[in-house]
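Have a look at the structure below, then the notes.
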Amino acid sequence: MRALTYHGSNDVKVDNVPDPILQELDDVILKVTATAICGSDLHMYRGKIPAMKSGDILGHEFMGEVVETGPNVTKLQKGDRVVVPFVIACGSCFFCDMDLYSACETTNPDRGSIMNKKSLRSGAALFGFSHLYGGIPGGQAEYVRVPKANVGPIKIPKNLADEQVLFLSDILPTGYQAVLNTGVGKGGSLAIFGAGPVGLMAAASARMLGVEKIFMVDHHKFRLDFAQQTYGVIPINFEECDAAEFILDHTDARGVDGVVEAVGFEAKGSAVETVMTNLKLEGSSGKALRQCIAAVRRGGTVSVPGLYAGFIHGFLFGDIFEKGIGIKAGQTHVQKHMPELLRFIEEGKLHPNAIISHRLNLSQAAEGYKMFDKKEDDCRKVVLTP
């Protein structure tokens, strides 16, 4: 089969690789009908994620048709059309029993990226996301093996097109959970840092939930324009002003009720932070987090769906304490949110496909990565079809 494979920093290509086979009794084999390039994929594309190996198959946003099932699969059958969550969870461990699926204790044989690990068990394995998280082949391919198929993959009604539901695999539940984690609801105020796919899904979710005032911070005009036109956000270009000061000026010098940090560890930082990161003296830029801490009101919450690893220079914990701020972060418990979000799509309350800007064949995946990485041709989101 054909699959998009990693070969080093800024080097991905579509190769012919062996077809996947059933390995466990509760596996299924999926014929992929649609897959997408995620912002998290760019971290690996840029060579920023350790424990990647040449030939690894990328991609964790995908859906398709079940073509083969293991003997212990009870919830799916051949011919079912499903969306697969990027988190692989067993459904029965201590954390899965609490609907904390990304903390599943049984699916990841590797160490994860936590630095002060001690004897802590690893969290869940992830599709297409380095050998820190199981090294499970991803879904930017013609076929993919789906472990733990009784837990997670959700059947899709025939009346919904692939593009309407594809983002249930990651960015829609990620944006939705990020907003829920802030605790901001009807009539509240929210700032979203990062107008990429997750930030846009957070804006869509916040608007659906009745959040009254939504600020969106980015430096790409085409993304801010889209967010303003589609979700009615107040756009802030951080290259033209201090974003946190702008937010304070428009909230009676108090700040917003909650902040979503949808940028992650590759946030644009200072020259000093860039040098320190390149020298491996810190894990990532803390600039976006510092702005979030400054922009949220006292007693508010900063929600962080953006990917972070390692240590951060200038993390203002004293400001968090002084303002009484809550922090909620981590990978998304996708399985928990998928059924509810599917219902919202069916009811016409969410239209996640609105953010798609480019549709390419899988054979053009390397071109899609370059375009998305460089923000060429006003690229917001790329969907690939094998």
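A distance-only check finds no donor-acceptor pair linking the side chain of His219 to the backbone of Asn237 [under 3.5 Å]. In this structure, the side chain of Thr107 engages the main chain of Ala125 through a donor-acceptor pair within 3.5 Å. Checked by atom type and distance alone, the side chain of Gln164 pairs as donor or acceptor with a backbone atom of Ala161 at under 3.5 Å. In this structure, the side chain of Gln77 does not engage the main chain of Asp80 through any donor-acceptor pair within 3.5 Å. Under a 3.5 Å cut-off, the side chain of Asp242 and the backbone N or O of Glu245 do form a donor-acceptor pair. In terms of modelled atom types and a separation under 3.5 Å, the side chain of Asn181 and the main chain of Ser303 share no donor-acceptor contact. Listed for the Lys323 side chain is a donor-acceptor partner under 3.5 Å among the backbone atoms of Val296. The backbone N or O of Lys381 sits less than 3.5 Å from a side-chain atom of Ser357, completing a donor-acceptor pair. Distance alone, capped at 3.5 Å, is enough to place a donor-acceptor pair between the Asn108 side chain and the Gly134 backbone. Between the side chain of Lys328 and the main chain of Ala178, no donor-acceptor pair closer than 3.5 Å is present.
Going from atom CD1 of Ile236 over to atom NE2 of His250 covers 8.0 Å, rounded to the nearest 0.5 Å. Taking CG from Leu350 and CG from Leu341, the interatomic distance works out to 6.5 Å, rounded to the nearest 0.5 Å. To the nearest 0.5 Å, atoms CG (Asn10) and CG (Asp373) are separated by 6.5 Å.
Between Val151 and Gln335 the shortest heavy-atom distance is O-NE2, 4.2 Å. Closest of all the heavy-atom pairs between Cys90 and Cys93 is SG-N, 3.3 Å. Across Gly310 and Met115, no two heavy atoms sit closer than the pair CA-SD, 3.3 Å. Between Gly264 and Glu261, the closest heavy-atom pair is N-OE1, 3.1 Å. For Pro352 against Leu172, the heavy-atom pair with the smallest separation is CG-CD2, 4.1 Å. For the pair Ala3 and Ala141, the tightest heavy-atom approach, listed with the atom from each and the gap, is CB-CB, 3.6 Å.
Classification of Arg359 and Glu163 as a salt-bridged pair holds, one side-chain N sitting under 4.0 Å from a carboxylate O.
In this structure, a donor-acceptor pair under 3.5 Å is present between the side chains of Asp41 and Gln140.
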task = Mind running salt bridge (charged side-chain N to carboxylate O under 4.0 Å, His left out) on Arg2 and Asp15 for me, showing each step along the way?
result = CA-CA 6 Å; Arg2 295 178 303 156; Asp15 290 328; over 6 Å; no
task = Mind running side chain to side chain donor-acceptor pair (under 3.5 Å) on Tyr133 and Ser113 for me, showing each step along the way?
result = CA-CA 8 Å; Tyr133 294 94; Ser113 61; 2.8 Å; yes
task = For Val17 and Met1, run side chain to side chain contact (heavy atoms under 4.5 Å, CB included): C-alpha distance rounded to whole Å, both residues' side-chain angles, the deciding distance at 0.1 Å, then the answer.
result = CA-CA 6 Å; Val17 301; Met1 70 169 184; 3.7 Å; yes
task = Kindly indicate, with the supporting measurements, whether the criterion salt bridge (charged side-chain N to carboxylate O under 4.0 Å, His left out) is fulfilled by Lys374 and Glu376.
result = CA-CA 5 Å; Lys374 301 298 183 184; Glu376 296 172 346; over 6 Å; no
Salt bridge (charged side-chain N to carboxylate O under 4.0 Å, His left out) between Glu65 and Arg81, intermediate numbers included = CA-CA 5 Å; Glu65 179 185 336; Arg81 181 166 161 255; over 6 Å; no
inquiry  = Checking Leu22 against Glu68 for the side chain to side chain contact (heavy atoms under 4.5 Å, CB included) test, could you report, in this order, the C-alpha distance in whole Å, the side-chain angles of both residues, the deciding distance, and whether it holds?
reply    = CA-CA 8 Å; Leu22 297 174; Glu68 191 175 356; 3.5 Å; yes
inquiry  = Apply side chain to side chain contact (heavy atoms under 4.5 Å, CB included) to residues Ile293 and Gln291 and explain how you reach the verdict.
reply    = CA-CA 5 Å; Ile293 292 165; Gln291 285 282 294; over 6 Å; no
task = Applying side chain to side chain contact (heavy atoms under 4.5 Å, CB included), run through Ile320 and Ile327 and close with a yes or a no.
result = CA-CA 9 Å; Ile320 293 172; Ile327 304 287; 4.1 Å; yes
query = Going through the checks in order, is the ring pair (Phe, Tyr, Trp, His ring centres under 6.0 Å) test met by Phe62 and Phe127?
reply = CA-CA 10 Å; Phe62 61 92; Phe127 283 101; 5.1 Å; yes
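Here the side chains of Phe193 and Val302 are not in contact, with every heavy-atom distance at 4.5 Å or above. Counting heavy atoms from C-beta on, the side chains of Met44 and Leu58 come closer than 4.5 Å. Contact of the Asp27 side chain with the Val146 side chain is not registered, since no non-hydrogen atoms from C-beta on lie closer than 4.5 Å. Contact of the Val334 side chain with the Ser169 side chain is not registered, since no non-hydrogen atoms from C-beta on lie closer than 4.5 Å. Side-chain contact between Ile234 and Ile214: absent, with no pair of heavy atoms (C-beta onward) separated by less than 4.5 Å. With contacts defined as side-chain heavy-atom distances shorter than 4.5 Å, the pair Met52/His131 does not qualify. Side-chain contact between Thr332 and Tyr101 is absent, with no heavy atoms from C-beta onward closer than 4.5 Å. Taking 4.5 Å as the limit, every side-chain heavy atom of Asp11 sits out of range of all side-chain heavy atoms of Tyr6.
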Result block: side-chain N/O donor-acceptor pairs under 3.5 angstrom for residues 28-38, not counting sequence neighbours:
{"from": "Thr33", "atom 1": "OG1", "to": "Asp162", "atom 2": "OD2", "distance (Å)": "2.8"}
{"from": "Thr35", "atom 1": "OG1", "to": "Glu61", "atom 2": "O", "distance (Å)": "2.7"}
{"from": "Thr35", "atom 1": "OG1", "to": "Gly139", "atom 2": "O", "distance (Å)": "3.4"}

Show which side-chain atoms of residues 200-207 pair as donor or acceptor with protein atoms under 3.5 Å away, not counting sequence neighbours.
{"from": "Ser205", "atom 1": "OG", "to": "Met201", "atom 2": "O", "distance (Å)": "2.9"}
{"from": "Arg207", "atom 1": "NE", "to": "Tyr231", "atom 2": "O", "distance (Å)": "2.9"}
{"from": "Arg207", "atom 1": "NH1", "to": "Val211", "atom 2": "O", "distance (Å)": "2.9"}
{"from": "Arg207", "atom 1": "NH1", "to": "Glu212", "atom 2": "O", "distance (Å)": "3.4"}
{"from": "Arg207", "atom 1": "NH2", "to": "Tyr231", "atom 2": "O", "distance (Å)": "3.0"}
{"from": "Arg207", "atom 1": "NH2", "to": "Gly232", "atom 2": "O", "distance (Å)": "3.1"}

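Both Val87 and Leu180 belong to a common hydrophobic cluster when Ile, Leu, Val, Met, Phe, Trp and Tyr are linked at side-chain heavy-atom distances under 4.5 angstrom. In this structure, Leu42 is not a member of the same hydrophobic cluster as Ile57, with clusters built from ILVMFWY side-chain heavy atoms closer than 4.5 Å. Under the 4.5 Å side-chain heavy-atom criterion for ILVMFWY residues, a single connected hydrophobic cluster contains both Phe167 and Met208. Linking Ile, Leu, Val, Met, Phe, Trp and Tyr whenever their side-chain heavy atoms come within less than 4.5 Å leaves Val184 and Leu248 in two separate clusters. Tyr143 and Val14 fall into different hydrophobic clusters, defined by Ile, Leu, Val, Met, Phe, Trp and Tyr side-chain heavy atoms under 4.5 Å apart, directly or through other members.
Open room surrounds NZ on Lys78; 12 or fewer heavy atoms of other groups in view lie less than 6.0 Å from it.
Judged by the 6.0 Å and 45° rule, Lys370 forms no cation-pi pair with Phe372. Arg380 forms a cation-pi arrangement with Phe226, by the criterion of a distance under 6.0 Å to the ring centre and an angle within 45° of the ring axis.
Using cut-offs of 30° and 60° on the angle between ring planes, the pair Tyr369 and Tyr45 is tilted. The aromatic rings of His60 and Phe129 lie perpendicular to each other, with more than 60° between the two planes, well past the 30° mark.
In this structure, the ring of His337 has its center less than 6.0 angstrom from the ring center of Tyr176.
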